[in-house]
Amino acid sequence: MSELKIFNSLSRTKEVFTPLTPGHVGMYVCGPTVSGESHLGHARPYVTFDVVFRYLQHLGYKVRYVRNITDAGHFEEEGKEAEDKISKKAVLEKLEPMELVHKYTNLFHWAMQRFNTLSPSIEPTATGHIVEQIGMIEKIIADGYAYEVNGSVYFDVKKYAANFDYGKLSGRVIDDLLETTRDLDGQEEKRDRADFALWKSAAPEHIMRWQSPWGVGFPGWHIECSAMATKYLGPRFDIHGGGMDLQFPHHESEIAQSTICNHEAPVRYWMHNNMITVDGKKMGKSYGNHITFTQLFSGDSPVLAKAYHPMVIRFFILQTHYRSTLDFSNEALQAAERGLKRLWEAYEHLQKLVRTGDSDNAGDAALDERVSGLIKEFEEFMNDDFSTAKILANMFELVPTINSMKDQTIATSALSAATFELLQNQMRVYLEDILGIQSVSEQDNGKLQAVMQLVMDIRREARGRKDFATSDKIRNQLQEIGILLKDEKNGEMSFTIS
RNA sequence: GGUCCUGUGGCCGAGUGGCUAGGCAGAGCUCUGCAAAAGCUCCUACAGCGGUUCGAAUCCGCUCGGGACCUCCA
């Protein structure tokens, strides 16, 4: 059995994964900021790390997966008017900040469920951990790596860089940073331009505010992740994930804060997913090219040719390696939609197949070997830094064989009993349990099934007496309703709801 | 400007120096009362120019193109 290898952003190489505590894995992933609705770009990390979570569990690890909810509202640290994004929007919408946060948190959870992502083990909120964040800042000040100015607290990057490797994760050189940081308001408080805020004093109109040793204010934009990761996973844990765009400054700052506070580097394996792009450009709210989940699922957007099922999005994401960019287009999504349909239907047929034959041996040794070879590669691909795209490619290579067995042009006994079972079992494990793919069609309704059975029986009778006018009428009218009837090769009928 | 990534067939995308990934679209055939599916076959690409090598999409250099981060950002 091959070992799991993970590409570690810190070393920029694939490393064999060995957890800190045998049998257990601690994983932290940067979660959503719930000041607005999440969009397609956000689906990437959550699907990616859902698969990581699922696979680690499949390998037998007990995983504690922590994904935060940022509800404190990151202020624009060096913005023209240091203000809380959430509080500003709350005024516009005439809502309480927490009402807004609640609304978007619910919307996020709803979308995550539709994407069939498993719930994290712990989903801590920033506002629920103000005490921990203040505690952490106090420790950093006590160690001399942070200073207070006018009720705000800043991290002393220059001092940190003198003793530790600031920029290691993102490949940045501290001197360059000092030169390239732009001249913005609020800089005069800092001793150095590269310093970042741990705690920010709140202006009177600022709605989200907490009492602290330095006065009324709110936490800085990196400290929440450090505080919550430390609390739930310990000072040093296995995996930290997030989007590549968070590598700097967010994750770099997390390392600095935690290193000072806990006296060791917090993360062993850093994982970063790449971006979803539109016409080659990163999808993002500020670029105005983002598509929200509700738009995606309803098709309600000028850039969408139609609505897309969440499973299509999930499949679309998994067809590319997580460290590559993924370009959005209607054409690409529709290709994914058709491909998923083909794969899923073959999969469903496979699960219904029963192997028949007198011998447990393979009737077609060459085919048997090919099939078992393709299946055994699943694990190898997954262990190679989660190459989900390759697994799906192998699954597609198995589809013709599966469909031929369904159509009885290949006997089920062409495969040995062992390979046949392996095929059924591993397809289920990898497609459903690990990749987390589900049926796209509407939930099965017992009564609908019964009605359809009746309709199909009537049509079968009509065809039996060559009454094609009736049989075609049934099929055509069902198609208008959105139900596709198919005559299978063995005389059976099946239907799919589109 | 600095740091880094990237350029694959009509489109999307895997690709560890040698053995045509895969999907979608397209073409032909088979099966079918007709469809729809499905099966079989075809479509053999790696930005350009050099170099290393017996051999390069894969390594190195240069040129051109695209992008990310340096500011909130998944």
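Below, read A as the first sequence line, B as the second, and so on, with proteins coming before strands; counting in each chain starts at 1. Basis for what follows: all heavy atoms, side chains included, without hydrogens, waters or symmetry-related copies.
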Does [X] reach a base, just sugar-phosphate, or nothing at all? Heavy atoms under 4.0 Å.
{"X": "A:D472", "value": "base"}
{"X": "A:H321", "value": "sugar-phosphate"}
{"X": "A:I276", "value": "base"}
{"X": "A:D487", "value": "base"}
{"X": "A:S404", "value": "sugar-phosphate"}
{"X": "A:M283", "value": "base"}
{"X": "A:S471", "value": "base"}
{"X": "A:R459", "value": "base"}
{"X": "A:G41", "value": "base"}
{"X": "A:Q334", "value": "nothing"}

Take atom [atom1] of [X] and atom [atom2] of [N], then tell me their distance rounded to the nearest Å.
{"X": "A:I317", "N": "B:G13", "atom1": "CD1", "atom2": "C1'", "value": "15 Å"}
{"X": "A:F248", "N": "B:C70", "atom1": "CZ", "atom2": "C1'", "value": "7 Å"}
{"X": "A:F381", "N": "B:U16", "atom1": "CZ", "atom2": "P", "value": "12 Å"}
{"X": "A:N383", "N": "B:U16", "atom1": "CG", "atom2": "P", "value": "17 Å"}
{"X": "A:H240", "N": "B:A74", "atom1": "NE2", "atom2": "C1'", "value": "11 Å"}
{"X": "A:H42", "N": "B:C72", "atom1": "NE2", "atom2": "P", "value": "15 Å"}
{"X": "A:K466", "N": "B:U32", "atom1": "NZ", "atom2": "P", "value": "12 Å"}
{"X": "A:W221", "N": "B:C72", "atom1": "CH2", "atom2": "C1'", "value": "7 Å"}

Between [N] and [M], how many Å separate the two [atom1] atoms, rounded to a whole number?
{"N": "B:G10", "M": "B:C5", "atom1": "P", "value": "29 Å"}
{"N": "B:G15", "M": "B:C59", "atom1": "P", "value": "13 Å"}
{"N": "B:U8", "M": "B:A47", "atom1": "C1'", "value": "10 Å"}
{"N": "B:G65", "M": "B:A27", "atom1": "P", "value": "38 Å"}
{"N": "B:A57", "M": "B:U3", "atom1": "C1'", "value": "27 Å"}
{"N": "B:G23", "M": "B:G55", "atom1": "C1'", "value": "31 Å"}
{"N": "B:G50", "M": "B:C46", "atom1": "P", "value": "15 Å"}

Picking from [options], which would you name as closest to the side chain of [X]?
{"X": "A:S387", "options": "B:G13, B:G15, B:G22", "result": "B:G15"}
{"X": "A:A335", "options": "B:G23, B:G22, B:C70", "result": "B:G23"}
{"X": "A:K486", "options": "B:A36, B:C72, B:A74", "result": "B:A36"}
{"X": "A:P400", "options": "B:G15, B:G33, B:C40", "result": "B:C40"}
{"X": "A:K281", "options": "B:A21, B:G67, B:G13", "result": "B:G67"}
{"X": "A:R172", "options": "B:G33, B:C70, B:A74", "result": "B:C70"}

Aromatic rings [X] and [Y]: how do their planes relate, parallel, tilted or perpendicular, breaks at 30° and 60°?
{"X": "A:F396", "Y": "A:F315", "result": "perpendicular"}
{"X": "A:F196", "Y": "A:F155", "result": "parallel"}
{"X": "A:Y160", "Y": "A:F164", "result": "parallel"}
{"X": "A:H251", "Y": "A:H272", "result": "tilted"}
{"X": "A:Y269", "Y": "A:F17", "result": "tilted"}
{"X": "A:H250", "Y": "A:H222", "result": "tilted"}
{"X": "A:Y322", "Y": "A:F386", "result": "perpendicular"}
{"X": "A:Y347", "Y": "A:W344", "result": "tilted"}

Please give the nucleotide sitting opposite [N] as a Watson-Crick or G-U wobble pair, both distances under 3.5 Å, or none.
{"N": "B:U30", "value": "B:A38"}
{"N": "B:C4", "value": "B:G67"}
{"N": "B:C62", "value": "B:G48"}

Report yes or no: is there a donor-acceptor pair, N or O only, under 3.5 Å between the side chain of A:R475 and the base of B:C34?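 When only heavy-atom distances are counted, A:R475 does reach the base of B:C34 through a donor-acceptor pair under 3.5 Å.
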Quick one: is [N] close enough that its OP1 or OP2 comes under 4.0 Å of any side-chain N or O from [X]?
{"X": "A:K282", "N": "B:A68", "answer": "no"}
{"X": "A:N403", "N": "B:G39", "answer": "yes"}
{"X": "A:S324", "N": "B:A14", "answer": "yes"}

Quick test of the criterion, 5.5 Å between centres and less than 30° between planes. Is A:F468 stacked on B:G33 or not?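 Yes, the aromatic ring of A:F468 stacks with the base.
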Row check, [Y] ring normal vs [X] NZ/CZ: under 6.0 Å, within 45°:
{"X": "A:R67", "Y": "A:Y46", "value": "yes"}
{"X": "A:R323", "Y": "A:F7", "value": "yes"}
{"X": "A:R314", "Y": "A:F115", "value": "no"}

Please figure out whether A:G280 or A:P45 has its closest RNA chain B nucleotide nearer the 5' end. A:G280
Closest-nucleotide mapping onto RNA chain B: is A:V399 or A:D245 further toward the 5' terminus? I mean the 5' end.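 In this pair, the answer is A:V399.
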Listed in order of residue number, which residues of residues 336-344 of chain A have a non-hydrogen atom at under 4.0 Å from RNA chain B? A:R338, A:G339, A:R342
